[in-house]
Amino acid sequence: MSVIGPFGLSVRDRTLEADTQAGLTAVEEGLLEATKSDVPFITEAAQHLVRAGGKRFRPLLVLLAAQFGDPYAPGVVPSAVVVELTHLATLYHDDVMDEAEVRRGVPSANARWGNSVAVLTGDFLFARASHVLADLGPEAVRVQAEAFERLVTGQILETAGPRGRDPIEHYLDVLAGKTGSLIAVSGRFGAMMSGADESIVNILTQYGERLGMAFQLADDVLDIASDSHESGKTPGTDLREGIATLPVLHLRAQAEATGAPEDRELCELLAGDLTDDARHAEVLRRLRAHPALEQARQDTLRYAAEARSMLAPLPEGSAKSALEGLCDAVAHRAG
């Protein structure tokens with residue numbers, strides 16, 4: 001048994017292990033090649049987050065989905081490069097919007113070079129992803145365009161706010177666009193580029209959508225529950241930046257429904273200045289003990305279970321087991 005990819009995914013099949021490791025290596029080379037420019041500064045900025053590492057969750061899903069067709073088909077690795085480039089581009093833009101200072105353990109591009117360079121570098125990565133995509137055919141371009149529209153829609157929804165909608169439903173719609181859409185495309189591209197049957201393409205698309213939701217919600221839980229850097233960020237980063245993730249939304253809903261004084265007090269603390277270390281630590285301590293965190297954890301586990309159930313019609317084998325293992329790994333991250 002070997003461990004590969006994000007979260008220590010266990011793979012027991014030597015052929016699958018070799019295919020996946022070789023594929024991830026090829027993706028890494030493709031990312032570096034795609035982020036080269038004739039202008040050295042652009043190369044430096046574009047490769048900033050590539051070289052910082054990352055889970056490569058989306059490329060891994062592409063490679064595993066390709067096992068249901070021809071995993072060596074010429075479009076598999078390039079499509080994995082496309083989804084990761086797109087993801088990286090969104091990180092540059094997200095960090096500007098969130099005014100984040102750290103990403104993947106290194107200074108964010110906006111902290112290092114300023115917002116303008118960060119935004120333009122994200123645009124450069126989108127352009128390079130489109131260049132790679134153009135060689136994969138019109139259907140691939142259409143799939144990516146639809147996903148990109150969903151991604152941007154999710155970002156706009158987040159920026160605009162609930163506007164009278166239930167905040168939790170609104171938040172889940174935001175995540176479906178910002179995170180679920182691209183992970184769904186990862187499953188779709190892997191199956192599609194490998195020549196898998198259309199029924200399998202659809203299954204892996206739906207699986208990716210649900211897995212993506214679980215993946216992001218697990219990060220929401222980790223941001224509060226973890227004392228380590230498992231999520232790639234300092235615990236409580238979202239709180240400090242004023243980002244209301246699912247545990248906070250559950251807390252607010254409970255405070256509104258019950259009117260409990262301790263819940264209202266915690267909501268008031270959350271609404272205050274969390275750049276103050278003592279206040280931030282107090283909010284983290286109280287949220288970790290609050291039922292809202294467990295509610296968010298259960299939501300995460302529900303999405304992971306839904307993703308796993310989507311795999312039922314697929315043929316048994318090491319690839320299916322690995323995809324099930326991703327569900328288990330995401331669930332484990334949520335505790």
Side-chain angles (χ1 to χ4, degrees), residues 1-11 20 24 49 52-65 83-84 87 90-91 94 100 102-105 168 171-172 174-176 178-184 186-187 207-241 243-251 284 287-311 320-335:
M1 181 178 70
S2 297
V3 174
I4 59 172
F7 329 132
L9 175 66
S10 298
V11 174
T20 307
L24 288 173
L49 289 184
K55 304 177 187 72
R56 302 295 188 250
F57 182 79
R58 292 156 188 80
L60 176 63
L61 181 52
V62 173
L63 297 173
L64 291 176
V83 293
E84 188 67 8
H87 171 59
T90 66
L91 296 185
D94 281 353
V102 177
R103 170 70 70 174
R104 296 181 173 177
I168 293 176
Y171 182 69
L172 294 176
V174 167
L175 295 193
K178 286 187 62 177
T179 302
S181 62
L182 194 55
I183 295 181
S186 300
Y207 162 84
E209 179 92 18
R210 288 159 177 78
L211 186 67
M213 294 292 288
F215 178 78
Q216 182 57 57
L217 292 177
D219 271 1
D220 284 3
V221 172
L222 273 175
D223 185 63
I224 292 170
S226 176
D227 284 319
S228 70
H229 296 274
E230 291 175 77
S231 64
K233 300 182 293 186
T234 302
T237 295
D238 289 334
L239 289 178
R240 196 182 292 277
E241 294 173 357
I243 300 170
T245 56
L246 191 60
V248 171
L249 294 176
H250 276 311
L251 166 67
L284 259 185
L287 269 176
R288 285 170 177 166
H290 197 279
L293 181 60
E294 182 57 30
Q295 280 183 279
R297 182 178 284 115
Q298 291 304 316
D299 288 336
T300 305
L301 297 178
R302 174 169 56 84
Y303 276 106
E306 287 179 5
R308 189 183 182 101
S309 70
M310 292 300 302
L311 300 173
K320 180 178 179 178
S321 296
L323 292 174
E324 291 172 338
L326 280 179
C327 298
D328 296 340
V330 170
H332 178 72
R333 277 167 62 81

Query raised in the report: Between His332 and Asp328, is any pair of side-chain heavy atoms under 4.5 Å apart?
Result: no
Query raised in the report: Is any side-chain heavy atom of Tyr171 closer than 4.5 Å to a side-chain heavy atom of Thr245?
Result: yes
Requested in this report: Over all heavy atoms of both residues, which pair between His250 and Ala296 is shortest? Give the atoms and the distance, please.
Outcome: CD2-N, 3.8 Å
Query raised in the report: Got Leu211 and Met310 here, is their nearest side-chain heavy-atom distance under 4.5 Å?
Result: no
Report task. Measure the CG-CG distance between Leu293 and Asp220 for me, rounded to the nearest 0.5 Å. Result -> 10.0 Å
Report task. Provide the closest heavy-atom pair for Arg308 versus Glu324 in the form atom of the first, atom of the second, distance. Result -> NH1-O, 3.3 Å
Query raised in the report: Does Arg297 have any side-chain hydrogen bond (donor to acceptor under 3.5 Å, both in side chains) partners at least two apart in sequence or in another chain, and if so, which?
Result: Glu294
Query raised in the report: Would you call Asp94 and Lys178 a side-chain contact if the rule is heavy atoms closer than 4.5 Å?
Result: yes
Query raised in the report: Any side-chain heavy atom of Gln298 within less than 4.5 Å of one from Gln295?
Result: no
Query - Residues that Ala244 engages under side chain to side chain contact (heavy atoms under 4.5 Å, CB included), provided they are two or more places apart - result: Val248, Leu249, Arg252
Query - Partners passing side chain to side chain contact (heavy atoms under 4.5 Å, CB included) against Glu209 (at least two apart in sequence or in another chain) - result: Arg150, Ala176, Ala184
Report summary line: The reported gap from CG in Leu217 to CZ in Arg302 (rounded to nearest 0.5 angstrom) is 8.5 Å
Requested in this report: Identify, with sequence neighbours excluded, every residue that meets side chain to side chain contact (heavy atoms under 4.5 Å, CB included) alongside Ala218.
Outcome: Thr300, Val330, Arg333, Ala334
Query raised in the report: Would you find a donor on one side and an acceptor on the other, under 3.5 Å apart, between the side chain of Asp223 and the backbone of Asp238?
Result: yes
Query raised in the report: In Å, rounded to the nearest 0.5 Å, how long is the span from CG of Leu301 to SG of Cys327?
Result: 11.5 Å
Query - salt bridge (Lys or Arg N to Asp or Glu O under 4.0 Å) involving Lys320 - partner list, sequence neighbours excluded - result: Glu316
Query raised in the report: How far apart are the C-alpha atoms of Leu60 and Leu326, what are their side-chain angles, what is the distance that settles it, and do they pass the side chain to side chain contact (heavy atoms under 4.5 Å, CB included) test?
Result: CA-CA 10 Å; Leu60 176 63; Leu326 280 179; 4.1 Å; yes
Report task. Test side chain to side chain contact (heavy atoms under 4.5 Å, CB included) on Met213 and Thr179 and set out the steps. Result -> CA-CA 7 Å; Met213 294 292 288; Thr179 302; 6.0 Å; no
Query - Minimal non-hydrogen separation, Ala214 against Ala304, with atom names - result: CB-N, 3.7 Å
Query raised in the report: Is any side-chain heavy atom of Leu287 less than 4.5 Å from a side-chain heavy atom of Leu239?
Result: yes
Query raised in the report: With sequence neighbours left out, what residues match Arg288 under side chain to side chain contact (heavy atoms under 4.5 Å, CB included)?
Result: Ile224, Asp227, Pro235, Leu284
Query raised in the report: Is any side-chain heavy atom of Arg58 less than 4.5 Å from a side-chain heavy atom of Phe215?
Result: yes
Query raised in the report: Can you find a heavy atom in the side chain of Tyr207 that is under 4.5 Å from one in the side chain of Ile183?
Result: no
